[in-house]
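Report on one structure; see the data block that follows.
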Amino acid sequence: GNMRVASVEQLALETSLRKAIFKNEFVIYYQPKMDLDSGRITSVEALVRWQHPTMGLLPPSDFIPLAEESGLISAIGELVMERACRHARQWHQQGLGDICVSVNLSAHQFRKGNVAQIIDRVLDSTGLPANLLELELTESLIMEDMDQNITLLQELRTRGIELALDDFGTGYSSLSYLKRFPVDTLKIDRSFIMEMDTSSDDAAITRAIIDMAHSLKMRVIAEGVETAAHLEMLREMGCDGIQGFYISKPVPETRLQEILRDQIHKPRVKI
Ligand code: C2E
Ligand code: MG
Ligand code: MG
């Protein structure tokens, strides 16, 4: 029946995912984030894709769930971290600016308990200053083992690493927990942003998240900004930064270099 077919397919995919790690068939795309005060790209998010030998370029949704299930996500995450930090170090050396690179972490990487050592090793081998690395974490990841994870995050923060809470608003979003999380930045989930110009509820929620984050001394980034109308509303609400197709889709590293080079000579203006 269907279930058997699905599991055979799954097994085949898992086998080719293992090979992909050995051969490092992963490619990183980068999506710019723009600071609303300066109108400049100050950081970029590393988003992994799999250059599959026969199926083409696969998005994370096609293989991250399986990678999580099988535990292969830790190895993939390490490859992404290594490559992203190496790229960021190169942008820095090429005079493209102090661009911070954000890497998404999965719960599995935290459960293994060696995430700090891996980060130390990667920063050391690539020479990237710690303040140019940001980790994107979710609430559910932190809450899996809250006390231990908060201690770990505090330790990473003392090294100068930036921490961001991803997809905010979709998980527990418990305010009593939030104030304990040692994060610098809150990323509002794109589900609130996409319809904020037509849904007054979504606009009200977005405004409330921004005000709350600011009173907790956190920066706020809005994800999924697709239109000028979104941008204007977010600016008026005092949001610090935006990310989304309106600024740029995730792009290959060579394209990102062009984008960063283009902004070097541009005056600092509000967009
Ligand atoms: P995320 O971290 O929330 O990343 C943002 C996703 O939203 C990206 O999808 C991006 O392409 C998409 N996006 C950005 N702006 C817009 C917009 O304006 N409109 C719309 N409709 N979508 C937008 P992508 O690249 O497919 O990544 C999906 C998810 O896969 C990421 O969500 C992240 O959770 C996960 N992921 C990606 N790379 C890694 C990785 O290296 N490690 C781990 N553990 N997870 C990763
Ligand atoms: Mg993210
Ligand atoms: Mg997100």
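Atoms considered below: every heavy atom in the structure, side chains included; atoms not considered: hydrogens, waters and symmetry mates. Counting starts at 1 for both ligands and their atoms, following the listed order.
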When clusters are formed by joining ILVMFWY residues with side-chain heavy atoms under 4.5 Å apart, either directly or through shared neighbours, do I221 and V101 land in the same one?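 In one cluster with I221: V101, no.
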
Using a 4.0 Å cutoff against the non-hydrogen atoms of [X], which atoms of ligand 1 qualify?
{"X": "P250", "answer": "11 (O)"}
{"X": "D166", "answer": "1 (P), 2 (O), 3 (O)"}
{"X": "E223", "answer": "3 (O)"}
{"X": "G224", "answer": "16 (C), 17 (C), 18 (O)"}
{"X": "G244", "answer": "15 (N), 18 (O)"}
{"X": "S106", "answer": "44 (N)"}

Chi angles and distances behind the side chain to side chain donor-acceptor pair (under 3.5 Å) call for D189, S191: CA-CA 5 Å; D189 189 72; S191 58; 2.7 Å; yes

Flag for N131-R159: side-chain donor and acceptor within less than 3.5 Å: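 No donor-acceptor contact under 3.5 Å links the two side chains.
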
Only pairs at least two apart or in different chains count here, so list each side chain to side chain donor-acceptor pair (under 3.5 Å) that has a residue in residues 65-78.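 For residues 65-78: Q10-E69, S74-H108, E78-R121.
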
Close approach of K187 to ligand 1, heavy atoms, under 4.0 angstrom: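 Judged by the 4.0 Å heavy-atom criterion, K187 does not count as contacting ligand 1.
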
Is the closest heavy-atom distance from Q31 to ligand 1 below 4.0 Å?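 Per 4.0 Å heavy-atom rule, Q31 contacts ligand 1.
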
Does the protein put a heavy atom under 4.0 Å from atom 18 (O) of ligand 1?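 Answer yes: something from the protein, a heavy atom, is under 4.0 Å.
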
Closer than 4.0 Å: a protein non-hydrogen atom to atom 9 (O) of ligand 1: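 Within 4.0 Å of atom 9 (O) of ligand 1, no protein heavy atoms are found.
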
Going by an N to O cut-off under 4.0 Å, is there a salt bridge joining [X] and [Y]?
{"X": "R235", "Y": "E232", "answer": "yes"}
{"X": "E25", "Y": "R49", "answer": "no"}
{"X": "K217", "Y": "D184", "answer": "no"}

If the plane angle is over 60° it's perpendicular, under 30° parallel, otherwise tilted; pick one for W50 and F26.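 Tilted, since the angle between the ring planes falls between 30° and 60°.
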
Do me a favour and list the nearest non-hydrogen protein atom to atom 13 (N) of ligand 1 with residue, atom name and distance?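 The closest heavy atom on the protein side is F245 CE2, 3.7 Å.
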
Please check: side-chain N/O of Q263 versus main-chain N/O of I41, any donor-acceptor pairing under 3.5 Å?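 Yes; at least one donor-acceptor contact below 3.5 Å.
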
Judged by atom type as modelled, is there a donor-acceptor pair below 3.5 Å linking the side chain of D240 to the main-chain atoms of V220?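 Such a contact is found between D240 side chain and V220 backbone.
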
Please work out whether any backbone atom (N, CA, C, O) or any side-chain heavy atom from C-beta onward of V48 is under 4.0 Å from ligand 1, and answer side chain, backbone, both or neither.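 Both backbone and side chain.
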
Between ligand 1 and R190, is the shortest N or O to N or O distance under 3.5 Å?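 Among all N and O atoms of R190, at least one is under 3.5 Å from an N or O of ligand 1.
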
Just go through [options] and tell me whose heavy atom is the nearest to [atom].
{"atom": "atom 21 (N) of ligand 1", "options": "E45, E226, H108", "value": "E226"}
{"atom": "atom 26 (O) of ligand 1", "options": "P59, P60, A164", "value": "P60"}
{"atom": "atom 33 (C) of ligand 1", "options": "I242, T170, N104, L141", "value": "N104"}
{"atom": "atom 31 (C) of ligand 1", "options": "D62, L47, D167", "value": "L47"}

Could I get the full list of ring pair (Phe, Tyr, Trp, His ring centres under 6.0 Å) partners for H214, not counting sequence neighbours?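 H214 satisfies ring pair (Phe, Tyr, Trp, His ring centres under 6.0 Å) with no other residue.
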
So, using ring pair (Phe, Tyr, Trp, His ring centres under 6.0 Å) as the criterion, who are the partners of H87 when residues are at least two apart?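 Expected list: Y30.
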
Kindly give the atom name of the N, O or S atom of E45 closest to the Mg ion (ligand 2).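 E45's closest N, O or S atom to the Mg ion (ligand 2) is named OE2.
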
Would you list the protein N, O or S atoms within less than 2.8 Å of the Mg ion (ligand 3), leaving out water?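 Hits for the Mg ion (ligand 3) below 2.8 Å: D166 OD1, D167 OD1, E223 OE2.
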
Are L165 and T185 packed together at the side-chain level, in the sense that at least one heavy-atom pair is separated by less than 4.5 angstrom?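 They are not in contact (no side-chain heavy atoms under 4.5 Å apart), so the answer is no.
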
Does NZ or CZ of K19 lie under 6.0 Å from the centre of the six-membered ring of F22, at an angle within 45° of the ring axis?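 That pair does not qualify as a cation-pi contact.
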
Are E136 and K33 close enough, and set up right, to give a salt bridge (Lys or Arg N to Asp or Glu O under 4.0 Å), and what steps lead you there? CA-CA 13 Å; E136 292 198 7; K33 302 182 204 175; 3.1 Å; yes

